[in-house]
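These notes are about the structure you will find just below.
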Amino acid sequence: MKRLRVLVVEDEPSTRAELAGQLAEQAAVGDVVCADGGSEAVRLLGSGSFDAAFLDIAMPGIDGMDVARVLTRLTDAPAIVFVTAYDNHAVEAFGLGAVDYLLKPFRPERLAEAVARIDHHRSGPASTGEKADDLAVVQVELAGRTVFIRRDDIAYAEAHGDYVRLHIGPESRPPAAHRPGPAGRESVLLRQSLTYLEQVWDAAGFVRAHRSYLVNLAAITELRVTSTAGLVALTGAGEVPVSRRHSRLLRERLLQAARSNDRSRP
Amino acid sequence: MIARSPHQQLRRRGSNAATLAALRLTRQIGEALADGLHGKHADDAARRLARLLGADAVALADGDRILAAWGRLDPAATAQILAEALDELDTVTDPPLRAAPLIVSDDLAGGLIVAGDVTDAEVAEAALLVATALDHADLARARERIAAADLRTLRAQISPHFMHNALAAISAHTRTDPERARELLSDFSDYLRYSFAATGDYATVADELQAVQTYLELQRARFDDRLDMTVQIAPEVLPVAIPFLVVQPIVENAIRHGFESRPGVGHIAVRGFSEGPLCVIEVEDDGDGMDPEHAKAVLTGTSGTNGTGGIGLANVDRRLRAVYGPEYGLLLDTAPGAGTKATVRIPRYARGVIAQ
């Protein structure tokens, strides 16, 4: 896919350089063009189209909100991300159709999340060609026999070369009769990529916790942070490491899931 | 058993009913005046006063004008007798009208005007009843203001001690580990943002524990390996609403009194989980602990010499009781040399407790 051409509008030189530098490090980002204020930003719009614009809100003269209003009138408008130190503009920002809203000082992983959102925004909703329910049951070969595993019984999935290792929750392991091989086996290999499973199982509550881990929200019994191991999600089938980059989204999804569980209580 | 004639019983029952009606009206007048003379139920108070006094009409006024009235009153005559009563600060009679001033905690708050077959003494008593109700309403509002001010004081209590130590720790990392310094600055920014947040009185357990984790992260930058921490959260308590900044003062206290003042490795564990209809949050340290009697004094705010940590815990205890009731205060489980475990136990669903 074509790399993103990004406009950075920020009046403070050090913050501008830092933002541009960090954006340039993102794999999805190509050109980064900087403007030191609203009027230069508007002038630069004549130099070619942008895929995304990172806008500071409080600037002298034409401010970030003004620039955003101009941008939204363009045909093929760039995706807008506001970058600000105060969070009291959020409502107005999303009213202008902003894709994301970053708070200064921003963390690298949070910036990566914003770039991912822009990518997602530009390519539209992922079209995997299959419905979410398509992999509700997976079929794996175990010692020459075919075994069926229910998606909802899987606690987490772990990337394993060209395969994914599916770890099955303790109370839902396949009955012994269906489970050839040594007793107590609680994981199976599936020839599939983690990225594919992430897309297909997203609606079923599977969330990326780490570069090589996908976790079933319903299987998480505890989130644990320790000084030595950082953040891990505990499931009945074992611990899943959660990277800094994915921790915010995982927490958000867990919170949503707990809320909807509360609502469905009798 | 005492024998009563049927006649006595009947009279007794009749007077019981009258007493009950009068008591009930008195209470209802108090309730109707809970928002003061300018509240929306003041008309209701006037109507019930008329019933209590058996009057034809009743009006309530502040220093300038009639605020609530029931029954038919001549506006000009009413205004005149009100002005006289407010001038003389005494009951004034001009049949069929009578007026009395309303004195609330030594201040002239307004006047009561009554029309009908009522005595001066009855009007004076009714004015005292209204004044007491108004005083009571003032006190209730003051109590709410104090509770709100408590929360604000606690928010303002981001300890300067902690701020400067955090900045020093960040500064110390800038040369040796710039990446870490950058992360710590983000943590510090998140910490301030949460502490200064002005939206609502309640946060979610998710937000509160995230803030605690950020705080511990900053403390760890100071002590490195000397501070060993664990935060454990069960997903089902993440959405529970909890008074804003309740957990942090407890953790701050654990660092301050359980760890900062002594050498060696210290461990702090924060746990959030559900227990039936309750959400439990525990903060446990393996520090010096304290005498249980002293812990009791800390919670009641009478420990005296113990600095701000104690005030923080007493404040948390008071706020928890104010929101959830007296049985939901902060529990301290401690003994000298045995560390301290602080436990917050709150209902997962409480009426009127909603995050943000």
Side-chain angles (χ1 to χ4, degrees), chain A residues 14-15 18 21-22 25 84-88 90-91 102-111 205 207 215-235 239-240 242 244-245 247-265, chain B residues 170 178-179 181-190 192-194 196-199 203-207 209-210 212-217 219-221 223-241 265-274 277 279 348-349 355:
Chain A
S14 53
T15 311
E18 175 66 10
Q22 283 203 33
E25 281 173 23
T84 180
Y86 301 109
D87 48 7
N88 47 357
V91 174
L102 289 183
L103 292 173
K104 287 191 267 193
F106 47 85
R107 299 168 191 273
E109 62 266 20
R110 188 62 187 80
L111 187 69
V207 176
V215 65
N216 184 354
L217 293 175
I220 297 178
T221 54
E222 184 180 304
L223 284 179
R224 177 178 296 178
V225 189
T226 58
S227 346
T228 42
L231 178 62
V232 295
L234 269 62
T235 74
E239 294 184 5
V240 180
V242 182
R244 256 190 111 106
R245 198 189 145 168
S247 70
R248 205 178 68 92
L249 264 178
L250 179 67
R251 275 175 207 276
E252 244 168 50
R253 291 285 302 265
L254 263 180
L255 182 63
Q256 282 167 15
R259 279 209 170 113
S260 60
N261 276 351
D262 281 351
R263 270 199 294 278
S264 62
R265 279 156 37 102
Chain B
I170 294 167
E179 259 323 298
R182 198 224 298 264
E183 259 172 38
L184 288 171
L185 274 175
S186 292
D187 285 337
F188 193 55
S189 169
D190 287 350
L192 290 184
R193 211 185 293 285
Y194 186 73
F196 291 148
T199 49
T204 58
V205 167
D207 287 342
L209 289 187
Q210 177 70 54
V212 162
Q213 201 183 311
T214 308
Y215 172 83
L216 283 172
E217 220 36 80
Q219 289 288 17
R220 225 161 56 77
F223 301 109
D224 259 334
D225 297 341
R226 214 157 81 65
L227 175 58
D228 186 32
M229 60 126 180
T230 317
V231 181
Q232 292 163 257
I233 316 162
E236 70 268 19
V237 298
L238 289 174
V240 172
V265 176
H267 187 258
I268 290 183
V270 182
R271 284 180 289 267
F273 54 93
S274 62
C279 165
R348 286 169 68 185
Y349 311 95

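Here is the naming used below: chain letters follow the sequence lines, and residue numbers restart at 1 for every chain.
A 4.5 Å side-chain heavy-atom check between B:Ile233 and A:Glu222 finds every atom pair outside the cut-off. Counting heavy atoms from C-beta outward, A:Pro108 and B:Arg182 have side chains that approach closer than 4.5 Å. Contact of the A:Arg107 side chain with the B:Asp190 side chain is registered, since non-hydrogen atoms from C-beta on lie closer than 4.5 Å. B:Glu236 has its side chain out of reach of A:Asn261: every pair of non-hydrogen atoms, C-beta onward, lies at least 4.5 Å apart. Counting heavy atoms from C-beta on, the side chains of A:Glu252 and B:Leu238 never come closer than 4.5 Å.
Only the side chain of A:Arg244 comes within less than 4.5 Å of a heavy atom of chain B; its backbone N, CA, C and O stay farther away. For B:Glu217, no part lies near chain A; criterion is any non-hydrogen pair under 4.5 Å. When heavy atoms are compared at a cutoff of 4.5 Å, A:Glu109 does not approach chain B at all. The contact between B:Leu227 and chain A is made entirely by backbone atoms, counting heavy-atom distances below 4.5 Å.
The nearest pair of heavy atoms linking A:Pro105 to B:Ser186 is O-OG, 3.9 Å.
Although no hydrogens or angles enter the test, the distance criterion places no donor-acceptor pair under 3.5 Å between the side chain of A:Arg251 and the main chain of B:Asp207. Judged by distance alone, the side chain of A:Ser227 and the main-chain N or O of B:Met229 form a donor-acceptor pair under 3.5 Å.
Highest contact tally toward chain A, considering only B:Ala269, B:Ala234, B:Pro235, B:Gly272, is held by B:Pro235 [criterion: heavy-atom pairs under 4.5 Å]. For the set A:Leu223, A:Thr226, A:Leu234, the count of heavy-atom pairs under 4.5 angstrom toward chain B peaks at A:Leu223.
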Where do A:Arg224 and B:Val231 land on the side-chain contact (heavy atoms from CB on, under 4.5 Å) test, with the steps shown first? CA-CA 5 Å; A:Arg224 177 178 296 178; B:Val231 181; over 6 Å; no
